[in-house]
Amino acid sequence: MEIQLLFFGITTDIVGVNKMKYTLKEGATVGNLKKLLIAKYSALKNINDFAIAINEEYVKDTTIITKNDIVAIIPPVSGG
Amino acid sequence: MEIQLLFFGITTDIVGVNKMKYTLKEGATVGNLKKLLIAKYSALKNINDFAIAINEEYVKDTTIITKNDIVAIIPPVSGG
Amino acid sequence: MNITSEEFFKRQTTLSEIGNEGQQLLQKAKVLVIGCGGLGSPIAIYLATSGVGTLHLVDFDTVSVSNLHRQVFFKTEDVKKSKAEILASEVKKRAPFTNVSFTDKAVTKNTVLDLISNFDVIVDGTDSLSIKYLINDACVLLKKPLIYGSLYKFDGYVATFNYQNEDGSFSCNLRDAFPKIATDIPNCEEAGTLNPIVGIIALLQVNEVLKLITKTGILLVNQLLIYNALENSQFKMKLRKNDSIHIEEIFKNSDYLETYCETQDASLLISASEFLKIETKNSTEVVSVLNHTDALIPFKVHQKIPYRTFNAEDFNPDYDKKYVVICKKGITSYDVTLKLKEKFPQLTIFSLVNGIDNY
Amino acid sequence: MNITSEEFFKRQTTLSEIGNEGQQLLQKAKVLVIGCGGLGSPIAIYLATSGVGTLHLVDFDTVSVSNLHRQVFFKTEDVKKSKAEILASEVKKRAPFTNVSFTDKAVTKNTVLDLISNFDVIVDGTDSLSIKYLINDACVLLKKPLIYGSLYKFDGYVATFNYQNEDGSFSCNLRDAFPKIATDIPNCEEAGTLNPIVGIIALLQVNEVLKLITKTGILLVNQLLIYNALENSQFKMKLRKNDSIHIEEIFKNSDYLETYCETQDASLLISASEFLKIETKNSTEVVSVLNHTDALIPFKVHQKIPYRTFNAEDFNPDYDKKYVVICKKGITSYDVTLKLKEKFPQLTIFSLVNGIDNY
């Protein structure tokens, strides 16, 4: 199934874009997605410290992703 | 049919809210809606100088409104 | 102290989107800021400290006390001084790589073309509707990009108008959103505002200028962005070119003078002092048309008819009474008074001038 | 000059949402601003000119030249002076109804509780992740609302944390979005930014403070707002309380010291000067992992493998070559170097330290 990924903060730099289409197996969880992303972009290894939102709502690793979901990868930022 | 109205600038003051549900006849145009709004809120008499957007797109008086459209009433503003 | 531009702009040039190349584009850019008030003053300072090389500031006005809450680059000691002059001196104190100059005269139809012709980007920080159209039309005539900003209370508007596309065509301008200068907008008095939305709009304008000059990011072209500070909501209206508008002709035939409020018919008005004399009489019937029916009102109210649901058809007139219609500013109450007088010509009815705010 | 508060705040009190009542709430409010840099300096000035009655400013740092492009209330003459002190004096020059004081010392675990205990609202304008957690946790312990702001390059974050609801419960805080202090964030060096997004985030924070004190509009509670300046896009992430977090315990057990960048293995690194010596040799194979394949690179590149699509499986190693992997900052290139070395342990491969930026 296809989903949309959004990237914020440092993850935009790591991935090189701020959004992309992404294909995922039906029934995949947020935890599964995190693992796939780390495998592809090893600089995302701290993704477990980042917030993940599906359709603008904070979600846990166990949340199941569904088709066309907009999944945002939101790292902490520290500038001021 | 039901639509959603959004108000900006001075129109928020005139109408007293910044959004509301509104019921309109099927097939009504933007021009029809303007007339209905003037009849209800006479202080909107300059509505012909305002911009109207349907689903975030500028529209003309002849545009037909459809169910669940979000219609925004956007007056000019002049503060600086 | 020896300040180098490398050190000053280090945190910008480190961005891959800017780099030394982008910094040089800023250094070479000539930007005109018209209006040095709530919008114009942060615009000038943030543009200069970003490294815009040439900046010209225009404002005919002097600083007044009621400006200070939102025009934060003016200090109490600046009251009665020229805004453009003070702002230029504030720029000099913090932007060693900017050549700043100013004009302390109003922009008019006679001066506008000369004024803008030497600049690459024009920024509108004025607070007059007719001058906004004058600037817009002049930018279209001279093919200059215009960074537009304006606001009403908590709603701020921003756009980049008349930007030249690669194919030579130009993006939408103010008249594609609002073809003519609206006359008769109900409230001409200054509506008031809180300072953050003024600053936010100013900085969104600065952001447009920097994106435009450094060719970074996505400009707000062919759209009007509206930010509402009470709800932190952002609305973008997509615009389309209106081919029926001929700005050259409009410019020729317009004088761009201020339009004024509709004048209210004095025979339908009652002043606060007159109202004070009759408000406790039995024959006086006070009608509030405030939409918030639980708003505090500093006198006795006999009827509450929210303006939102008001309908002259539903009104039962008592011809023995003297009606006084009240609202916050005297605009909607006047409107209701007009309608009731039209429907019931024999009725004795008045609108409280300038509303509760002036009571 | 005799300046009255009526005249100064006229454009605010005229708003029905504020009025004299709202203005008095501001006058009575005590606000603490921690951090007086890019966020803190406009925050302090705009809060003071809005009429916040008591303001305390905290920053241990002094003004440096590379601050000036975005910390626009400091002037070139202020370099090396205390930020908190200068900012307090700038407040005094423009806010006659604000009682301002300052502390020019760092906030630590030992001082934070005392510091915040006397204030109604705490505003975070700091630029250190661990201090942001320290402030957050202290606000939760002492039940203070916290107006949070931070940014990375073009992305700014804002929220109102730990706001007490009418039922006595508290809204989400920083740890509901990011439970622990992320260590090892790839880029610890200052990332750089343009000044408008810094100012926009500061003013969104000011806007939260004013809404909170005057009970106007809708606060950014139980959500994190993200504004992106390159695309003018706004994203709001809804948050939910994480009941597994016990801040009292965390506070007891943490030292809130800065976390540092992952240290890169020196045997996999090549410095710019060493690279200069070998870059033109036939045996040297330069691999760019920049995502923008048409980016200008100041030396010859033999292979371009965008980091985005890089896969160690697809790499064909030539063991006669000495590989140098390059990127902008030396972070992704190090990552690629690590992966290739892991897969091909016999490969001679280095990452260019600090990337092209440092070349």
Side-chain angles (χ1 to χ4, degrees), chain A residues 3-23 29-31 33-65 68-80, chain D residues 35 37-40 124-130 132 149-157 172 174 176-187 190-191 193 198 201 223-224 226 228 230-231 233 235-240 290-292 306-308 310-311 328-329 331-332 335-336 338-339:
Chain A
I3 61 168
Q4 168 98 17
L5 293 178
L6 302 181
F7 298 95
F8 293 92
I10 185 82
T11 68
T12 307
D13 288 353
I14 292 173
V15 177
V17 290
N18 62 8
K19 53 173 156 284
M20 64 162 79
K21 303 259 179 225
Y22 193 81
T23 305
T29 64
V30 170
L33 174 66
K34 282 183 175 177
K35 276 191 196 133
L36 290 166
L37 288 175
I38 295 174
K40 194 163 178 198
Y41 307 100
S42 61
L44 286 178
K45 60 182 171 299
N46 299 310
I47 198 167
N48 288 313
D49 294 338
F50 300 172
I52 311 290
I54 296 184
N55 305 329
E56 308 212 339
E57 229 162 300
Y58 185 91
V59 290
K60 293 182 187 166
D61 281 6
T62 50
T63 304
I64 291 168
I65 301 172
N68 296 326
D69 273 352
I70 298 173
V71 182
I73 316 296
I74 303 173
V77 294
S78 70
Chain D
L39 294 176
D124 174 7
T126 67
D127 64 354
S128 145
L129 204 56
S130 58
K132 285 181 180 297
S150 193
L151 51 123
Y152 177 82
K153 290 189 177 175
F154 302 101
D155 278 335
Y157 291 18
C172 291
L174 182 59
D176 295 312
F178 306 108
K180 19 176 228 158
I181 308 183
T183 53
D184 227 27
I185 288 224
N187 185 4
E190 284 217 37
T193 192
V198 187
I201 295 307
Q223 60 187 302
L224 180 72
I226 308 183
N228 177 278
L230 284 183
E231 304 197 350
S233 55
F235 185 93
K236 290 175 179 173
M237 171 170 62
K238 287 190 204 76
L239 299 175
R240 209 177 303 173
L290 291 172
N291 281 321
H292 292 277
Y307 183 68
R308 206 180 317 165
F310 169 78
N311 188 340
K328 202 166 151 45
K329 297 196 181 291
I331 296 164
T332 53
D335 186 58
V336 166
L338 259 184
K339 280 181 179 164

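So that the names make sense, note that chain A is the first sequence line, chain B the second, and so on, each numbered from 1.
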Exercise for the section: Please look at D:Glu231 and chain A and tell me whether the side chain, the backbone, both or neither of the residue comes under 4.5 angstrom of a heavy atom of that chain. Expected result: side chain

Exercise for the section: Select one option (side chain, backbone, both, neither) describing which atoms of D:Ile226 are under 4.5 Å from chain A's heavy atoms. Expected result: side chain

Exercise for the section: Sort A:Ile74 into side chain, backbone, both or neither according to what part of it lies under 4.5 angstrom from a heavy atom of chain D. Expected result: both

Problem - chain A contact via D:Lys328 - side chain, backbone, both or neither, heavy atoms under 4.5 Å - result: neither

Exercise for the section: Flag the pair A:Ser42 / D:Leu338 as yes when at least one side-chain heavy-atom distance between them is below 4.5 Å, and no otherwise. Expected result: no

Exercise for the section: Please state whether the side chain, the backbone, both or neither of D:Lys132 comes within less than 4.5 Å of a heavy atom of chain A. Expected result: side chain

Practice task
Verify the distance criterion only: is there a donor paired with an acceptor across the side chains of D:Asp176 and A:Tyr58 at less than 3.5 Å?
Solution key: no

Handout entry: Residue part contacting chain D, namely of A:Asn18, when any heavy atom lies under 4.5 Å
Key = side chain

Fill in the blank from the handout: Rounded to the nearest 0.5 Å, the OH atom of D:Tyr152 sits from the CZ atom of A:Phe8 at a distance of 14.5 Å

Handout entry: Nearest-0.5 Å distance, NZ of residue D:Lys238 to CG of residue A:Asn55
Key = 9.0 Å

Exercise for the section: Report the C-alpha separation of A:Asp13 and D:Lys153 in whole Å, then their side-chain angles, then the decisive distance to 0.1 Å, and conclude whether the side chain to side chain contact (heavy atoms under 4.5 Å, CB included) test is met. Expected result: CA-CA 10 Å; A:Asp13 288 353; D:Lys153 290 189 177 175; 2.7 Å; yes

Handout entry: Separation between OG1 of A:Thr12 and CG of D:Asn291, rounded to the nearest 0.5 Å
Key = 11.5 Å

Practice task
Measure distances from A:Lys60 to the heavy atoms of chain D and classify the residue's part below 4.5 Å as side chain, backbone, both or neither.
Solution key: neither

